[in-house]
*Asks:* 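This is the structure I have questions about; it appears just below.
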Amino acid sequence: MVKRSPLDDGDTSKIAWARYRRLMKGMALVSFLAVVGALGWLRFTMGEALTLHMMIATAAGVGLSVLLGAALMGLVFLSSGSGHDEAIEDPFKDDPDMNHDR
């Protein structure tokens, strides 16, 4: 039988997802600052050679990379902090070949 996840509870779920949204809002600000910093550094080092296309590519690459990393790590924190990780059933619990590292 599958165990119930704490995220199945409405109150726990609301708190966990609110914390995740708050983390993502903060990381959107960090992402924006990383883009501004990267563009400033490129402007300082490249001068007039910095083109519009390079600025767009840099902004998209830096900004989306930071946001993707934050989103994935945020989901790890969400599942761990809410107790969702403990709710899984380990199919290899009784397998002697899988218990050598414990």
*Asks:* Nearest 0.5 angstrom please: Met46 CE to Leu39 CG, how far?
*Replies:*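 CG of Leu39 is found 11.5 Å from CE of Met46.
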*Asks:* Considering only Ile, Leu, Val, Met, Phe, Trp and Tyr, and joining two whenever side-chain heavy atoms are under 4.5 Å apart, list the other residues clustered with Phe77.
*Replies:*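 Taking Ile, Leu, Val, Met, Phe, Trp and Tyr as members, Phe77 shares its hydrophobic cluster with Met73.
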*Asks:* In terms of hydrophobic clusters joined by side-chain contacts under 4.5 Å, are Val35 and Leu50 together?
*Replies:*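 They do share one cluster, since a chain of ILVMFWY contacts under 4.5 Å joins Val35 to Leu50.
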*Asks:* Grab the two heavy atoms, one from Leu23 and one from Gly74, that are nearest each other, plus how far apart they are.
*Replies:*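 Shortest heavy-atom separation between Leu23 and Gly74 comes out as CD2-CA, 3.5 Å.
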*Asks:* According to a hydrophobic-cluster definition based on side-chain heavy atoms being under 4.5 Å apart (Ile, Leu, Val, Met, Phe, Trp, Tyr only), do Leu33 and Ile56 belong together?
*Replies:*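 No.
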*Asks:* For Leu75 and Tyr20, work out which heavy atoms get closest and say how close.
*Replies:*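 Minimum heavy-atom contact is N-CE1, 3.6 Å.
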*Asks:* Checking Arg22 now: which residues fulfil side chain to side chain contact (heavy atoms under 4.5 Å, CB included) with it, not counting sequence neighbours?
*Replies:*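 In terms of side chain to side chain contact (heavy atoms under 4.5 Å, CB included), with neighbours along the sequence ignored, Arg22 is linked to Arg19.
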*Asks:* Starting at CE of Met24, measure out to CE of Met27 and round the result to the nearest 0.5 Å.
*Replies:*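 Rounded to the nearest 0.5 Å, the CE-CE separation comes out at 7.5 Å.
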*Asks:* For Phe32, does the CZ atom sit with more than 12 other heavy atoms under 6.0 Å from it, leaving out its own atoms?
*Replies:*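 Not more than 12 within 6.0 Å, no.
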*Asks:* Could you give all pairs that pass the side chain to side chain donor-acceptor pair (under 3.5 Å) test and reach residues 48-76, with sequence neighbours left out?
*Replies:*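 Sorted result for residues 48-76: Arg43-Glu48.
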*Asks:* Between Trp41 and Phe44, is the ring centre distance below 6.0 Å?
*Replies:*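 That pair fails the under 6.0 Å test.
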*Asks:* Count I, L, V, M, F, W, Y as connected when their side-chain heavy atoms are under 4.5 Å apart, and connections chain through other members. Are Leu67 and Leu78 then in the same cluster?
*Replies:*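 Yes.
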*Asks:* Look at the side-chain heavy atoms of Ile, Leu, Val, Met, Phe, Trp and Tyr, link any pair under 4.5 Å apart, and say whether Val30 and Leu72 land in one connected group.
*Replies:*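 Looking at the clustering, Leu72 is in a separate group from Val30.
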*Asks:* If you take all heavy atoms of Gly63 and Ser31, which pair is closest and at what distance?
*Replies:*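 What the structure gives for the nearest pair is O-OG, 3.0 Å.
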